[in-house]
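Note sheet for the following structure.
All values reported here derive from a predicted model rather than from experimental measurement. Letters A, B, ... mirror the listed sequences (proteins, then strands); counts begin at 1.
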Amino acid sequence: MVAPLVLGGILTRHGASGPVSLRISEVEAYSGLGDDPGSHAHRGETPRNRVMFGPAAHLYTYFTYGMHTCANIVCLPEGVAGGLLLRGGEIVQGEPFVRERRGDAPFRDLARGPARLANAMGIPLGDGGADVLSGQYSLRLRVDPIVDVGRSARTGVSGAGGTDDYPWRFFIPGDPTVSPYRRHVPKKRATGAG
DNA sequence: CGCACGATTTGCT
DNA sequence: GCAAATCGTGCGA
């Protein structure tokens with residue numbers, strides 16, 4: 001299980017305005033192996049999730065709800081789809097640069113939630129496929145992996161992927177930057193439709 | 001080509 | 001607590 005190694009790790013991005021470092025406190029695992037209905041790779045390789053099938057330690061970004069960007073770290077070898085969705089973390093460096101984008105949000109909310117996190121780090125959609133270990137990114141894992149990590153069903157995942165059958169959400173217990181668990185909410189479309 | 005939905009966040013009441 | 005915002009992806013014909 002790789003997730004506990006990433007928890008507590010420091011992800012740094014050297015953006016245009018300055019370096020921003022994040023201590024990862026919450027992730028969700030997504031796999032293309034077996035039946036993982038919640039994974040973007042579930043339907044097989046597409047141009048979209050292509051990077052998930054690539055080598056580990058690369059960035060997989062995706063766009064959702066027409067306005068949000070989320071970031072994953074590919075964590076399985078080339079040819080095997082697997083990624084860790086960065087769901088929450090604490091800004092440990094470059095808070096002023098983060099606030100340029102996130103505004104006056106409470107400190108704990110700066111990178112609380114996948115879309116906020118990507119926004120806080122300033123990760124553009126185009127950074128998908130970027131190496132996390134070189135270039136403008138760097139990832140420092142914990143030397144002593146956190147043993148007592150929290151674990152639960154994944155948040156906001158529709159269908160069977162969001163049930164306890166896939167308890168692949170990992171977080172640091174008690175960390176304030178861990179997003180609250182929220183069950184999947186069915187999307188309702190136009191008004192009056194019924 | 002057309003249709004429907006999604007690993008969400010934010011603002012108002 | 002609920003509803004809106006908003007577009008790329010995936011599948012069927």
Side-chain angles (χ1 to χ4, degrees), chain A residues 2-3 6-7 11 22 24-54 58-76 81-89 91 98-129 132 150-171 176-194:
Chain A
V2 182
V6 176
L7 290 178
L11 176 66
L22 179 87
I24 301 169
S25 67
E26 181 188 3
V27 297
E28 273 178 14
Y30 291 87
S31 173
L33 290 173
D35 291 319
D36 183 357
S39 174
H40 287 172
H42 177 55
R43 295 264 184 197
E45 183 175 346
T46 68
R48 177 88 189 87
N49 57 34
R50 179 177 171 74
V51 54
M52 263 187 135
F53 289 81
H58 281 233
L59 214 56
Y60 167 55
T61 57
Y62 70 93
F63 193 73
T64 188
Y65 287 91
M67 57 188 123
H68 296 304
T69 302
C70 301
N72 304 242
I73 296 178
V74 179
C75 64
L76 292 181
L84 289 174
L85 169 66
L86 303 176
R87 285 197 61 86
I91 301 297
V98 174
R99 291 202 176 280
E100 290 178 9
R101 292 181 288 267
R102 299 279 304 120
D104 291 329
F107 177 76
R108 64 160 64 180
D109 286 347
L110 287 178
R112 194 193 206 202
R116 289 173 177 173
L117 188 151
N119 187 12
M121 296 289 291
I123 301 176
L125 191 61
D127 271 16
V132 173
R151 180 177 188 172
S152 76
R154 290 179 297 195
T155 302
V157 179
S158 65
T163 67
D164 285 333
D165 291 336
Y166 303 88
W168 297 339
R169 169 178 179 251
F170 302 92
F171 54 93
T177 59
V178 173
S179 66
Y181 178 74
R182 191 198 313 147
R183 204 165 186 85
H184 170 248
V185 184
K187 169 70 172 175
K188 192 185 299 180
R189 224 160 189 281
T191 65

- Message: With salt bridge (charged side-chain N to carboxylate O under 4.0 Å, His left out) as the rule and sequence neighbours excluded, what pairs involving residues 112-122 of chain A come up?
- Response: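 Sorted result for residues 112-122 of chain A: A:D109-A:R112.
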If the cut-off is 4.0 Å, is [X] near the phosphate of [N], judged by side-chain N/O to OP1 or OP2?
X: A:T64; N: C:dG8; answer: no
X: A:R116; N: B:dT10; answer: yes
X: A:R112; N: B:dT9; answer: no

Hey, could you give me the [atom1]/[atom2] distance between [X] and [Y], rounded to the nearest 0.5 Å?
X: A:R48; Y: A:F63; atom1: CZ; atom2: CZ; result: 9.5 Å
X: A:C70; Y: A:Y60; atom1: SG; atom2: OH; result: 10.0 Å
X: A:I123; Y: A:L22; atom1: CD1; atom2: CG; result: 8.5 Å

- Less than 5.5 Å between centroids and less than 30° between ring planes, does A:Y30 satisfy that with B:dA7? yes
- Message: Ignoring hydrogens and geometry beyond distance, is the side chain of A:Y65 in donor-acceptor contact with the base of C:dA5 at under 3.5 Å?
- Response: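 No, the side chain and the base share no sub-3.5 Å donor-acceptor pair.
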Spacing of [X] atom [atom1] relative to [N] atom [atom2], expressed in whole Å:
X: A:E28; N: B:dT8; atom1: CD; atom2: C1'; value: 12 Å
X: A:H68; N: C:dA4; atom1: NE2; atom2: P; value: 15 Å
X: A:R182; N: C:dG1; atom1: CZ; atom2: P; value: 12 Å
X: A:L125; N: C:dT9; atom1: CG; atom2: C1'; value: 12 Å
X: A:M52; N: B:dA7; atom1: CE; atom2: P; value: 11 Å
X: A:L110; N: B:dT10; atom1: CG; atom2: P; value: 11 Å
X: A:R101; N: B:dT9; atom1: CZ; atom2: P; value: 16 Å
X: A:L117; N: B:dA7; atom1: CG; atom2: C1'; value: 13 Å

Mind checking if [X] touches a base, just sugar-phosphate, or nothing, with heavy atoms under 4.0 Å?
X: A:R169; result: nothing
X: A:G38; result: base
X: A:R154; result: nothing
X: A:N119; result: nothing

- Query: With a 3.5 Å cut-off and no angle check, do the side chains of A:R182 and A:T155 form a donor-acceptor pair?
  - Reply: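 Side chains of A:R182 and A:T155: no pair found under 3.5 Å.
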- Task: Carefully, step by step, assess A:L84 and A:F170 under the rule side chain to side chain contact (heavy atoms under 4.5 Å, CB included).
- Result: CA-CA 10 Å; A:L84 289 174; A:F170 302 92; 5.5 Å; no
- So, do A:L86 and A:V27 sit near enough that their side-chain heavy atoms are less than 4.5 Å apart?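 A:L86 reaches A:V27 side chain to side chain.
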- Query: Hey, are the side chains of A:R108 and A:S25 touching, using non-hydrogen atoms and a 4.5 Å cut-off?
  - Reply: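 Result no, sub-4.5 Å side-chain heavy-atom pair not found.
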- Query: Would you say the side-chain atoms of A:Y166 pair up with the backbone N or O of A:D35, donor to acceptor, closer than 3.5 Å?
  - Reply: yes
- Just compare C:dG8, B:dT9, B:dA7 and give me whichever is closest to any side-chain atom of A:F63.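 From the listed options, C:dG8 comes nearest.
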Please enumerate all protein N or O atoms sitting under 3.5 Å from an N or O of nucleotides 10-13 of chain C, with distances to 0.1 Å.
unit_1, atom_1, unit_2, atom_2, d
C:dG10, OP1, A:T46, OG1, 2.6

- Query: Reading DNA chain C 5' to 3', how would its secondary structure be written in dot-bracket notation, given Watson-Crick and G-U pairs with both distances under 3.5 Å, brackets [ ] for crossing pairs and | for partners on other strands?
  - Reply: |||||.||||||.
- Message: Any carboxylate oxygen within less than 4.0 angstrom of a Lys/Arg side-chain nitrogen, looking at A:E28 and A:R87?
- Response: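 Between A:R87 and A:E28 there is a salt bridge, with a charged N closer than 4.0 Å to a carboxylate O.
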